[in-house]
Engineer: 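Mind looking over this structure? Questions follow.
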Amino acid sequence: MKRALREADERAELSRAEEARKRSEAYLAEAQKLSHTGSFGWNITSGEIYWSRETFRIFEYEPGARITVEKIVQRTQSITNRCTSVLLE
């Protein structure tokens, strides 16, 4: 009986933690959208890059597109070139 109660408490705590995580992610996504900032992660071992929805928007890629370091360099060079052209005009 004690084991069943303990397991029920653990499941309830896991559920509360999952809800808090989802709420936190939603707040972060909204804050990034409002401030026009994004976030990313990079697993150097696998080379996989993770972007927030706002980062996809900033870099003008469709959410879910496979992102590589080469694509990032290409896009940032393109943006830098456009900004330089505007400043020189």
Side-chain angles (χ1 to χ4, degrees):
M1 184 66 145
K2 288 181 183 180
R3 179 179 174 192
L5 291 173
R6 185 180 69 244
E7 288 175 355
D9 284 343
E10 289 172 357
R11 282 192 300 275
E13 179 59 30
L14 284 173
S15 179
R16 285 190 295 273
E18 178 67 14
E19 288 300 316
R21 182 190 63 78
K22 287 179 182 178
R23 193 170 39 256
S24 178
E25 286 179 353
Y27 290 152
L28 175 60
E30 186 63 21
Q32 288 181 354
K33 183 177 176 183
L34 291 170
S35 64
H36 302 294
T37 58
S39 60
F40 70 95
W42 182 18
N43 182 330
I44 296 173
T45 304
S46 70
E48 191 166 5
I49 298 172
Y50 310 93
W51 277 6
S52 67
R53 292 187 69 79
E54 189 63 12
T55 303
F56 278 104
R57 189 199 65 74
I58 291 166
F59 278 84
E60 300 173 343
Y61 284 112
E62 289 295 317
R66 187 171 183 283
I67 302 303
T68 63
V69 172
E70 291 78 18
K71 283 184 178 180
I72 296 168
V73 169
Q74 178 185 25
R75 186 56 55 99
T76 54
Q77 284 177 341
S78 173
I79 292 169
T80 300
N81 291 341
R82 284 190 306 222
C83 290
T84 302
S85 294
V86 167
L87 288 172
L88 293 175
E89 289 178 353

Engineer: Within this structure, what is the CZ-CD1 distance for the pair R75 and I58, rounded to the nearest 0.5 Å?
Structural biologist: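 That separation rounds to 12.0 Å.
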Engineer: Can you tell me if CZ on R3 sees more than 12 non-hydrogen neighbours from other groups inside 6.0 Å?
Structural biologist: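 At most 12 heavy atoms, drawn from other residues, nucleotides or ligands, come within 6.0 Å of this atom.
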Engineer: Are I44 and I49 linked, directly or through other ILVMFWY residues, by side chains that come within less than 4.5 angstrom of each other?
Structural biologist: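 Yes, it is one cluster - the side chains of I44 and I49 are joined through contacts under 4.5 Å.
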Engineer: Please say which of W51, Y61, F40 ends up in a ring pair (Phe, Tyr, Trp, His ring centres under 6.0 Å) with F56.
Structural biologist: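 Only one of W51, Y61, F40 forms a ring pair (Phe, Tyr, Trp, His ring centres under 6.0 Å) with F56, namely W51.
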Engineer: Would you give the length of the straight line joining atom CZ of R53 to atom CD of E30, rounded to the nearest 0.5 angstrom?
Structural biologist: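 Here the interatomic distance stands at 12.5 Å.
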Engineer: Does atom CD of E62 have more than 12 heavy-atom neighbours, drawn from other residues, nucleotides or ligands, at distances under 6.0 Å?
Structural biologist: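 12 or below, so no.
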Engineer: With rounding to the nearest 0.5 Å, note down the distance linking CD in E18 to NZ in K22.
Structural biologist: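 E18 atom CD to K22 atom NZ measures 5.0 Å (nearest 0.5 Å).
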Engineer: For a side chain to side chain contact (heavy atoms under 4.5 Å, CB included) check, start with the C-alpha distance between Y50 and I67, then their side-chain angles and the critical distance, and finish with the verdict.
Structural biologist: CA-CA 8 Å; Y50 310 93; I67 302 303; over 6 Å; no
Engineer: Is any NZ, NE, NH1 or NH2 atom of the basic residue among E19 and R23 found under 4.0 Å from an Asp or Glu carboxylate oxygen of the other?
Structural biologist: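 Answer for the salt bridge query: no.
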Engineer: Kindly check if the number of other-residue, nucleotide or ligand heavy atoms within 6.0 Å of NZ (K71) is above 12?
Structural biologist: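 Counting neighbours around NZ of K71, more than 12 heavy atoms of other residues, nucleotides or ligands fall under 6.0 Å, so yes.
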Engineer: First locate atom CZ of R21, then atom CG of L14, and finally report the distance between them rounded to the nearest 0.5 Å.
Structural biologist: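 One gets 12.0 Å once the value is rounded to the nearest 0.5 Å.
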Engineer: Could you tell me which residues satisfy salt bridge (charged side-chain N to carboxylate O under 4.0 Å, His left out) with R16, sequence neighbours excluded, listed by chain and number?
Structural biologist: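 Once residues adjacent in sequence are excluded, the partners of R16 under the salt bridge (charged side-chain N to carboxylate O under 4.0 Å, His left out) criterion are E13.
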Engineer: Do side-chain atoms of S39 reach the backbone of S52 as a donor and acceptor pair under 3.5 angstrom?
Structural biologist: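 Absent.
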